Structure formats: structure tokens, C-alpha cells
*Asks:* 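Quick one: this structure, given as C-alpha cells, is what I'll be asking you about.
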Amino acid sequence: MAGTGAFADIFEEGIYKYYSEGEWKKSSSGKSVAIVNPTTRKTHYKVQACTQEEVNKVMDTAKIAQKAWAKTPLWKRAELLHKAAAILKEHKAPIAECLVKEIAKPAKDAVTEVVRSGDLISYCAEEGVRLLGQGTLLTSDSFPGNERSKYCLVSKIPLGVILAIPPFNYPVNLAVSKIAPALIAGNSLVLKPPTQGAVAALHMVHCFHLAGFPKGLISCITGKGSEIGDFLTMHPGVNCISFTGGDTGVAISKKAGMVPLQMELGGKDACIVLEDADLDLVASNIIKGGFSYSGQRCTAVKVVLVMESVADTLVEKVNAKVAKLKVGPPEDDCDITPVVSESSANFIEGLVTDAKQKGATFCQEYKREGNLIWPLLLDNVRPDMRIAWEEPFGPVLPVVRINSVEEGIHHCNASNFGLQGCIFTRDINKAMLISDAMETGTVQINSAPARGPDHFPFQGLRDSGIGSQGVTNSINMMTKIKSTVINLPTPSYTMG
Ligand code: NAP
């Protein structure tokens, strides 16, 4: 059970502690932040509201701990990460329980998130020992005008203190996707978990604590992003920010100083369906892609762009599957569970109301109880409706009927977002041409968009992000290139 057994140290007097200098602490603020269970809409957990002084302390110790960590052999860093991964997987049940209560993640998916996170940590450790265990040798005579008198040894060095801020929808997985590359590369890490999801994240951090990482190398500051966020992201002790979330990331990018940024932000992933597509395959991918975790995924299918000639058949097939989705509490492992907050549900309702007023066809009746919104397919959505462009982050999916492939590509590229997109066709040549024309970080052919497997590169264009994630790309992003040049007194040639 959460907060007990191996996790007893992280909880006291009804409030979860924050993690600093290798210890679980109560904040001197004496204040806490409530975490509301999306299903019951009642406070389920409380976390510390950390102060600016506590952030300063964490940054100071992170800086000191990083210096020693960078001198720790790479294989030892990897060994500790493997240990943390094993401990995390061992404790998947209490961590999954938090995900169910904090973010209404269906019970089975909650367990999958924790196990996947353990696998990601191990993969990162393995990738890191190889990637960071090699460098490049350049010789000067390849550039015109030079003899072979300079040898340049290129290696990768850590950046320093990495600030990691994940979003609510994958608070464990999107935290470890930052923590593991940061640590294997010799950095220290300060985590600010999302408020909804903070308790799952604190349990995950405790697994790193149990693995025996040095004091101060990993810290976890809790508090509302709107209160503590600016102080963290603009802190002079931060050497890199890895953020996943919504528009907040755009604001952080504008305010952050001269530090590398990894921004994984929102998406409006388009699903382009051609006349020759396997419509059964499309329908099951629309259900999986559009409605899993109630549409609260960055890579959810967020707009279907279907050729008019097959639209009726596709809509019918999707509707038949929507009717089978189980709606209810996450504890019962329902397909559709309450969305994360009342304000999120209100926002989704606003998009639905706008679509209704502008004449969209409702394939199901709109139904909401508290934060629980029944799955809804909106047909005949037109570009003047907000839902054609905005990210609902809920179980509501618009269908825009198109008359040409160009129209589909145009809609996809006119979006402010450019995360992923997908194309369904049996003609691979057409798929390649459309993929090349789509301005998104990734295009999936004959499958719904997806972030995983976690070692694939993952990036967004325009407002969807800066930089690229994926195990290798994240390790590279969290390092700097360092060159050492050996200058010989006379040119020297191999075998010469
Ligand atoms: P969000 O509101 O942007 O919050 C993300 C994180 O930022 C949370 O930890 C939040 O903390 C924190 N935060 C809030 N204000 C801050 C500030 N001023 N400074 C620093 N941090 C601040 O996003 P969300 O609602 O959690 O997640 C949904 C969004 O994430 C969607 O747009 C989705 O598409 C996107 N997302 C993108 C990806 C991707 O990889 N591209 C993956 C998953 C989700 P609090 O919770 O305490 O406010």
C-alpha cells in the first residue's frame, strides 16, 4: 500500500515529504498542497509546499553532488540505475495505486507505466555505457591547408544540474525518461513532479533512494507549478531544463536563461485516412489512439481527416467500437475514466458546446458526471470549430471529412502543433509522399501515433517542442561536447 512498508519514511502526519540531501523532509512552510482524486473529487493525498529557501538548498547540494558523481565510473553509474529499475518494478503495486488515485489511470495501465519505466531506466543504463564509453578522433589534415599535426579527441561531458518537470499524464514514466539519461551522463537531477501525480513520483524517487544513489544527487521538490515553477526554471543553479507539458513550456522557453532546453509539449495529432485504407484497422487504431486513458495522451489521435468516400463506413465502424468502451472508475480498469480535474472537464465541455453551436454531428449523446465524460465522436467537424484545432485532452474526437489528400496535409500543417501524425493506406508509395509532406516530428504509417518504444526518437515541431527525446537523444542532449587537441611539433602520418 502507498506510504507504508518500504515507503513508510516518505509519509508523516497525513502529508508526503519532499526529498533533499538524501533525506525525506517536511517543508518549513508548514503548508501543503492537496491532491484531489479525479474520481471522488475529494482530497486524497497531500504533499509539501516547498519554499524558495528549500529550492536554493537543493540546488546547492545538487551542484556539489554532481562533481563527485561525474568522477564515478560509468559502469558504477549504470549498476546503480539497474538496481533502481529492479526496485521500482518490485514495488509496482503501491506506485500504480497512486496513479489510480491521483490521475485516475486505469489500474492495468498504471502497472504498465511503472514496469515500462523500470525497463526505460535499464535500457538507458545499457545505452549510456556504450554511447558515453566512446568518443571521436579527428585529424587536422582533412581540412585544406593543414598537415596531420593535430589530433582532436572528442568526448561527452555532463551539463551539471538538470531540472526535470514532467506532466500529470505519465508522472512516473516521463520523470524517469529525464532522470535516467541525466544520471547515466554524470549529471545531478532536481525533479519537480506534477501536482496530480506527485505522490506516485515521490514513491518512484524513493526507489532511487533505496538503490543507494549518493546524497543530494537526486532531489524532489513539491509544490504548485504556478507558485514554485518560475523560481525553479529561472534558478541560476540550473544547467538544463527537460520539460514535458502544455503551453507552460512555451512560457518557460521564453523566460529560461542560456541553458539547453528539451521541451515536449502539446499535440493535435492528425489521422489521415485514404480511400484504400483497411477501415477495420483504422477503426481499432482510432479507438486505441483516440480514447486510451480517456484521450489524455500527448500522442492521442486528436483529429481524424478522412476521405469523404469512406467516411460513412469508417464512422459507423468507430461508433460500433465506441459503444463497447467501458466507462467508469479506474479501479475497475475501465477504458474511459474521469479526466484529471474539473477545470479540464470544463475545458472539454467548452469545445463540445462550441462544436454543437456550429453544427457538428454528435455520434453519441454528450454525457458528463463530475469529471467523467463519456466517449464522443463528432462528425462533420469544420475548420471554424475550435475542436478542429485545439487539444481537448479528453475522450472527444473530431472527424473532418476531406476531398483530397492535399486538404488533409494542409489541415495537419496549418496546426500550431507538429508532434506526430498518422496515415492509413495500403499504398506505401503514397504513404511515403504524404509522410514527407507532413510537418510533424514523427509520422506513423498504418498505426496510431505513439511515443514508444521509448528508445525511438521523439520530437515535436512548432509549438510541440524543442529538441528530441528517446533514450539516445536524451543522453546526448544532457551532455556537452568536449575537445582536447594534441598539437604535435611535426606532422605525423599513420605508418609514416
Ligand atoms: P502543464 O499544465 O503544462 O504542466 C506540466 C508541468 O509543469 C507540471 O509538473 C506542472 O506542475 C508544471 N508547471 C506548471 N506551471 C509551471 C511554471 N510556471 N513553471 C514550471 N513548471 C510549471 O501540463 P499537464 O496538464 O500536466 O499535461 C498535459 C499537457 O502535456 C498536454 O498539453 C499534453 O499534450 C502535454 N504532454 C506532452 C507530451 C510530449 O512528450 N510531447 C507528453 C505528455 C503530455 P503543477 O502540476 O504543479 O501545475
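Whatever order the structure lists them in is the order used to number ligands and atoms, beginning at 1. When reading the values below, keep in mind they use all heavy atoms of this one structure, side chains included, and skip hydrogens, waters and symmetry mates. Note that the structure is predicted; figures quoted are calculated from it, not measured.
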*Asks:* Answer with yes or no after comparing the ring centroid distance for H209 and F213 against a 6.0 Å cut-off, counting only values under it.
*Replies:*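 Ring centroids of H209 and F213 are no less than 6.0 Å from each other.
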*Asks:* So H455 and Y123, would you call those rings parallel, tilted or perpendicular, with 30° and 60° as cut-offs?
*Replies:*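 Taking Y123 first and then H455, their aromatic rings sit tilted (interplane angle of 30° to 60°).
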*Asks:* Under the rule for ring-ring contact (aromatic ring centres under 6.0 Å, His included), what residues qualify as partners of H410, not counting sequence neighbours?
*Replies:*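 Per chain and number, H410 pairs via ring-ring contact (aromatic ring centres under 6.0 Å, His included) with no residue.
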*Asks:* Give one line per pair: atom of ligand 1, protein atom, distance. Only N/O to N/O under 3.5 Å.
*Replies:*
| unit_1 | atom_1 | unit_2 | atom_2 | d |
| --- | --- | --- | --- | --- |
| ligand 1 | 3 (O) | G246 | N | 2.8 |
| ligand 1 | 3 (O) | T248 | OG1 | 2.7 |
| ligand 1 | 9 (O) | P166 | O | 2.9 |
| ligand 1 | 9 (O) | P194 | N | 3.4 |
| ligand 1 | 11 (O) | K192 | NZ | 3.1 |
| ligand 1 | 23 (O) | G246 | N | 3.4 |
| ligand 1 | 26 (O) | F168 | N | 3.1 |
| ligand 1 | 30 (O) | G245 | O | 3.3 |
| ligand 1 | 32 (O) | E391 | OE1 | 2.9 |
| ligand 1 | 34 (O) | E391 | OE2 | 2.5 |
| ligand 1 | 41 (N) | L265 | N | 3.4 |
| ligand 1 | 41 (N) | L265 | O | 2.7 |
| ligand 1 | 46 (O) | T195 | N | 2.9 |
| ligand 1 | 47 (O) | K192 | NZ | 2.9 |
| ligand 1 | 47 (O) | T195 | N | 3.4 |
| ligand 1 | 47 (O) | T195 | OG1 | 2.6 |
| ligand 1 | 47 (O) | G225 | N | 2.8 |

*Asks:* Among V303, L397, L378, I348, find the one that has a side chain to side chain contact (heavy atoms under 4.5 Å, CB included) with I387.
*Replies:*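 In the set V303, L397, L378, I348, the residue that makes a side chain to side chain contact (heavy atoms under 4.5 Å, CB included) with I387 is L378.
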*Asks:* Is the F11 to W24 ring centre distance short of 6.0 Å?
*Replies:*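 For F11 and W24, the ring centres are not under 6.0 Å apart.
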*Asks:* How about H206 and Y19: are their ring centres within less than 6.0 Å of each other?
*Replies:*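 No.
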